[in-house]
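Only a predicted model underlies this, so the values are computations on that prediction, with no experimental measurement involved.
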Amino acid sequence: MTALDTSSNAPWSYLGHQVHCISNRPAQRTSEQLAKDGPALLLVHGFGASTDHWRFNIPVLSQTHEVHAIDLLGFG
């Protein structure tokens, strides 16, 4: 069992295109505690990659920070 809270992994729509995203945060922290811990992290992949590129980083980073990763249109 992990200490992660998967907030929302549902795709959202931008100009009619589905955009895949991943959002995780520490499960035992409130919004006030997260604000004191530091900024949220946005992971944006490079050319020829996708959110899968961050599959090992997201669990580690989300132990202490709110983490978001998105697939750029045309790459996901």
Once rounded to the nearest 0.5 Å, what's the spacing between atom [atom1] of [X] and atom [atom2] of [Y]?
| X | Y | atom1 | atom2 | answer |
| --- | --- | --- | --- | --- |
| I70 | L42 | CD1 | CG | 5.5 Å |
| L41 | N57 | CG | CG | 10.5 Å |
| Q63 | I58 | CD | CD1 | 13.0 Å |
| W54 | N24 | CH2 | CG | 14.5 Å |

Does the side chain of H68 come within less than 4.5 Å of E66's, by heavy atoms?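 Yes, at least one pair of side-chain atoms sits under 4.5 Å.
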Under 3.5 Å, is there a donor-acceptor pair between the side chain of D71 and the main chain of T51?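 A pair under 3.5 Å: yes.
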Assess the side chains of H45 and S50: does a donor N or O sit below 3.5 Å from an acceptor N or O?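 No, because no side-chain N or O of H45 sits under 3.5 Å from a partner of the opposite role on S50.
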